[in-house]
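See structure below.
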Amino acid sequence: MACERIMQKDWYKILDAKPSDSPAELKQKYQKLALLYHPDKQKADVPAGEVEERVQRFIEIDQAWKILGNEETKKEYDLQQREASLTNEWPLHAQIYLEDMSWNEDEQCYALSCRCGGNYTVFKSETRDVSLVCCDTCSLVIEILQ
């Protein structure tokens, strides 16, 4: 099965915060940025393009606070970030062209043996969307080249 890498916004970066910040520190950073970018606090002489950028920034700040300001959603986000970090650190075993993998007609998938004895498998339906494939036994990953 293919590994998933999901690009997600870094809510801490948006609030100029760190995962180790206390709830009070997070709230203080949110409030400072919210006041700075709130649409009602903008000066009248700000160019229209900049107003739109500031509104978008305020929306991001608000979204960040909704996630990081709630203990449950913050915990879930932190777990997702940790998982993504581990996924990004997985060792890349090889770069392989899809046509160099074995085709299994019955399973409708491409397969390649890993050095550990496990297999890298890419189903036909995934071939366009997948670039990284995890071994089904160990932590090695191959990159599928197009």
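Any value given below was found using the heavy atoms of this structure, including those in side chains, with hydrogens, waters and symmetry copies removed. Keep in mind the model is a prediction, meaning the values are calculated, not measured.
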Partners meeting side-chain hydrogen bond (donor to acceptor under 3.5 Å, both in side chains) with [X] (sequence neighbours left out):
X: S125; value: none
X: Q31; value: none
X: Q95; value: E143

For this session: Any ring-ring contact (aromatic ring centres under 6.0 Å, His included) involving residues 125-146? Give me the pairs, sequence neighbours left out, ordered by first then second residue.
Result: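 Sorted result for residues 125-146: empty, none.
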Set of side-chain contact (heavy atoms from CB on, under 4.5 Å) partners for [X], sequence neighbours left out:
X: L35; result: K41
X: K124; result: W103, Q108
X: S113; result: N119
X: A111; result: none

Pairs flagged by salt bridge (Lys or Arg N to Asp or Glu O under 4.0 Å) wherever [range] is involved - sequence neighbours left out:
range: residues 11-36; answer: K18-D21, D21-K29
range: residues 44-53; answer: E50-R54
range: residues 99-121; answer: none

Problem set entry | Residues that Y37 engages under ring pair (Phe, Tyr, Trp, His ring centres under 6.0 Å), provided they are two or more places apart |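 Here no residue qualifies.
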